[in-house]
*Asks:* 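The structure under discussion is supplied below as structure tokens; questions concerning it will follow.
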Amino acid sequence: MLQISTMNKSFELLDKNRAKSQEGGGIKRIESQHKKGKLTARERLHLLLDEGSFEEIGAFVEHRATDFGIENEIYLGDGVVTGYGSIHGRLVYVFSQDFTVFGGSLSETHAEKICKIMDLALKNGAPLIGLNDSGGARIQEGVQSLGGYADIFYRNTIASGVIPQLSAIMGPCAGGAVYSPAITDFIMMVENTSYMFVTGPNVVKTVTHEEVTSEELGGAHTHASKSGVTQFSCSNELDCINHIKNLLKYIPQNCEENAPVYPYEMGDESRAVLDKIIPENANQPYDMREVIEGIIDEGTFMEVHKDFAENIVVGFALLGGRSIGIVANQPCVLAGVLDINSSRKAGRFVRFCDCFNVPLLTLVDVPGFLPGTDQEWHGIITNGAKLLYAFSEATVPKITVITRKAYGGAYDVMNSKHIGADMNFAWPSAEIAVMGAKGAAEIIFKKEISEAENPEAKWKEKEQEYMEKFANPYKAAARGFIDEVIKPSETRMKLIRSFKMLENKVLNLPRKKHGNIPL
Ligand code: HXC
């Protein structure tokens, strides 16, 4: 009898502590969180994870700080909910910062909880998802908090390329705290309620005299379109969570595995719609997204970095039920030219796909690199080289389709045969040459044109001559740089078969510590 009553008491204590931990910073602060249009850390996890799959770790952790009266304020869990669960039935590790406890600020123990989860994710080879909502370093603590951040940054770095790491920004993320998400593979931000910056509007005003709001300085829209820091700008928290879930469908658990394969029945793979996309006039733009939609399994395109450097389109899709990464020049924005931002954007995406065994499809319609002082002075050389390096070093199956222009250095960079593409296709509309016919004629026939009776007519004639010689895919096909010239409507079938043929590709790079990508 005595034993049972002791047991009941100990159970009671456990239940009480559990309830306390669930409460976070208390009902008032939860209400205030809701009033701001934000969910709590636990509500977010509830929406993110498969129902009933969440297992919490560290619910009773308490901070160890003793200054400024904080020793009298103890919240079980210390401002972050950590654990594991599943999404689409697959294991994930999660941490979700609780703004209702000291503004989600990071203490030594808060960091320890996150690190424990990160270590488990790395050891067990499953994605890590961080839901960030934090006022930064716990101000009542000192260097312990800074040390805690560094412990996280270090783990982010070591886990990079081993497990996918996803960061959702669902509130403040300021100061050094931004560097953990920055090291992870993808950042999604919630519009109007989240922001990221190294120094906030007040410091900006003091130092540079600029007046700027938090939203303008580091809101979702800013980072999605101007800086490129976030890959996804989400209209609300649910949208953000759905982006995370959707993204996970295309990627494997870790670098040793492949992405899930979905049931797919081969049917009529011919896509006549593709035959009508390329305009008669080679200088007329068209939307490369229509080409993508025409090739892939219907409705499976998940565009990444949609609002940033729109002259290149990148994203995941399914092709015959298998995940692929797509990199495509976009002729309807800046004629699809390569510049600093599009090279950075595409280079980063290629690196991710290669880390995690997602085969690459490159669609090419590129007039070259963007000229100008702005580009040169900001380092188009180094930045363009990022994409070149990323494609060259990628060992996943790599297939290229040239839909129209492939001019100059951009031909080489856009996953040409020469830098390791496995299969290179071209549509009959492809133009593969050192440069556009007009410019080429001007340079190589300069003397003839200037001495002609009618220089303008001569120029036109020479332009035509150059066009006829080079504005087609057959010179490249004759050399084997293009494996096959295909009709657009045949593309889907050719790609499904080629990726299947390349399924077991093995390519080992020379032994090295690591390469030196032009950062
Ligand atoms: C301790 C914090 C805190 C922090 C907020 N709180 N930030 N407690 N450390 N860093 C507490 C508040 O005291 C308050 O407690 C509760 O969280 C909610 O904060 P509010 O200010 O009421 O909320 P709101 O108006 O929404 O403003 C949110 C905020 C603001 C913009 C984040 O709180 C703020 O500016 N906080 C300080 C940000 C900061 O300077 N952090 C340090 C950056 S340096 P109560 O008890 O009232 O609920 C840094 C270095 C990292 O992070 C370096 C890594 C290398």
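Indexing begins at 1, ligand by ligand and atom by atom, following the structure's order. Computed from a prediction, not measured in an experiment: that's the story for all the values here.
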*Asks:* Is any side-chain heavy atom of Asn246 less than 4.5 Å from a side-chain heavy atom of Ile244?
*Replies:* no

*Asks:* In the protein, which heavy atom is nearest to atom 29 (C) of ligand 1, and how far is it?
*Replies:*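 The closest heavy atom on the protein side is Tyr195 OH, 4.4 Å.
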
*Asks:* Would you tell me which option among Ile139, Thr100, Thr193 has the nearest heavy-atom contact to atom 9 (N) of ligand 1?
*Replies:* Ile139

*Asks:* Is at least one protein non-hydrogen atom found at under 4.0 angstrom from atom 22 (O) of ligand 1?
*Replies:*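 No, no protein heavy atom sits under 4.0 Å from atom 22 (O) of ligand 1.
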
*Asks:* Compute both the distance and the angle, then confirm whether Lys38 meets the cation-pi test with Phe99: under 6.0 Å from the six-membered ring centre, within 45 degrees of the axis.
*Replies:*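 Here Lys38 passes the 6.0 Å and 45° test against Phe99.
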
*Asks:* Does the protein put a heavy atom less than 4.0 Å from atom 13 (O) of ligand 1?
*Replies:*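 Under 4.0 Å from atom 13 (O) of ligand 1, zero protein heavy atoms found.
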
*Asks:* Going by a strict under-4.0 Å cutoff (protein heavy atoms only), does atom 35 (O) of ligand 1 have a neighbour on the protein?
*Replies:*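 Given the 4.0 Å limit, the answer for atom 35 (O) of ligand 1 is no, no protein heavy atom qualifies.
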
*Asks:* Output the distance between atom CD1 (Ile114) and atom CG (Asn132), rounded to the nearest 0.5 Å.
*Replies:*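 Here the rounded value is 7.5 Å.
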
*Asks:* Tell me if the CD atom of Glu51 is crowded by more than 12 foreign heavy atoms within 6.0 Å.
*Replies:* no

*Asks:* Output the list of atoms in ligand 1 that are nearer than 4.0 Å to some heavy atom of Leu146, sorted by atom number.
*Replies:*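 Counting atoms of ligand 1 from 1, those under 4.0 Å from Leu146 are 53 (C).
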
*Asks:* With a 4.0 Å heavy-atom cut-off (strictly under), which part of Ala137 contacts ligand 1: side chain, backbone, both or neither?
*Replies:* both

*Asks:* Do you see a protein non-hydrogen atom under 4.0 Å from atom 25 (O) of ligand 1?
*Replies:* no

*Asks:* Going by heavy-atom distance to atom 48 (O) of ligand 1, choose the closest among Lys28, Lys36, Arg29.
*Replies:* Arg29

*Asks:* Quick test of your reading of the structure: of Gly103, Gly175, Gly135, whose heavy atom lies closest to atom 42 (C) of ligand 1?
*Replies:* Gly135

*Asks:* Going by the closest heavy atom to atom 6 (N) of ligand 1, which one wins out of Tyr149, Phe102, Phe99?
*Replies:* Phe102

*Asks:* Quick one: side chains of residues 365-378, donor-acceptor pairs under 3.5 Å with protein atoms, not counting sequence neighbours, listed by atom name and distance.
*Replies:*
unit_1 : atom_1 : unit_2 : atom_2 : d
Asp365 : OD1    : Lys405 : N      : 3.1
Asp365 : OD2    : Tyr286 : OH     : 2.7
Asp365 : OD2    : Arg404 : NE     : 3.0
Asp374 : OD1    : His378 : ND1    : 3.2
Gln375 : OE1    : Ile340 : N      : 2.9
His378 : ND1    : Asp374 : O      : 2.8

*Asks:* Give yes or no for whether the N/O distance cutoff of 3.5 Å, strictly under, is met between Ser134 and ligand 1.
*Replies:* no

*Asks:* If you define the side chain from C-beta out and look only at heavy atoms, does anything of Ser134 sit under 4.5 Å from Pro172?
*Replies:*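 A side-chain contact is absent here, since even the closest heavy-atom pair is not under 4.5 Å.
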
*Asks:* For ligand 1, is there an atom lying under 4.0 Å from some heavy atom of Phe68?
*Replies:* no

*Asks:* For ligand 1, is Glu73 a contact, meaning one of its heavy atoms is under 4.0 Å away?
*Replies:*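 Contact check Glu73 vs ligand 1: negative.
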
*Asks:* Between Arg42 and Glu56, is there a side-chain N and carboxylate O pair less than 4.0 Å apart?
*Replies:* yes

*Asks:* Start with the C-alpha distance between Arg29 and Tyr75, add both sets of side-chain angles, then the distance that settles side-chain hydrogen bond (donor to acceptor under 3.5 Å, both in side chains), and finish with yes or no.
*Replies:* CA-CA 13 Å; Arg29 292 191 181 96; Tyr75 299 93; 3.2 Å; yes

*Asks:* Relative to the ring of Phe232, is the ring of Phe186 parallel (under 30°), tilted (30 to 60°) or perpendicular (over 60°)?
*Replies:* tilted

*Asks:* Under 4.0 Å from atom 1 (C) of ligand 1, is there at least one protein heavy atom?
*Replies:* yes

*Asks:* Please report whether atom 4 (C) of ligand 1 has a protein non-hydrogen atom at a separation of less than 4.0 Å.
*Replies:*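 When distances to the protein are checked, atom 4 (C) of ligand 1 has a heavy atom within 4.0 Å.
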
*Asks:* Taking the non-hydrogen atoms of Tyr179, is any one of them nearer than 4.0 angstrom to ligand 1?
*Replies:*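 No, Tyr179 has no heavy atoms under 4.0 Å from ligand 1.
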
*Asks:* Is a donor from one side chain sitting under 3.5 angstrom from an acceptor on the other, for Ser233 and Glu191?
*Replies:* yes

*Asks:* Could you list the residues that satisfy ring pair (Phe, Tyr, Trp, His ring centres under 6.0 Å) with Tyr195, not counting sequence neighbours?
*Replies:* Phe197

*Asks:* Taking 4.0 angstrom as the limit and counting only heavy atoms of Gly136, give me the atoms of ligand 1 inside it, by number and element.
*Replies:*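 This gives 52 (O) as the contact atoms.
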
*Asks:* Parallel, tilted or perpendicular: which fits the ring planes of Phe102 and His63, with parallel below 30° and perpendicular above 60°?
*Replies:*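 Perpendicular, since the angle between the ring planes exceeds 60°.
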
*Asks:* Only heavy atoms of Gln140, strictly under 4.0 Å: list the atoms of ligand 1 that pass.
*Replies:* 1 (C), 9 (N)

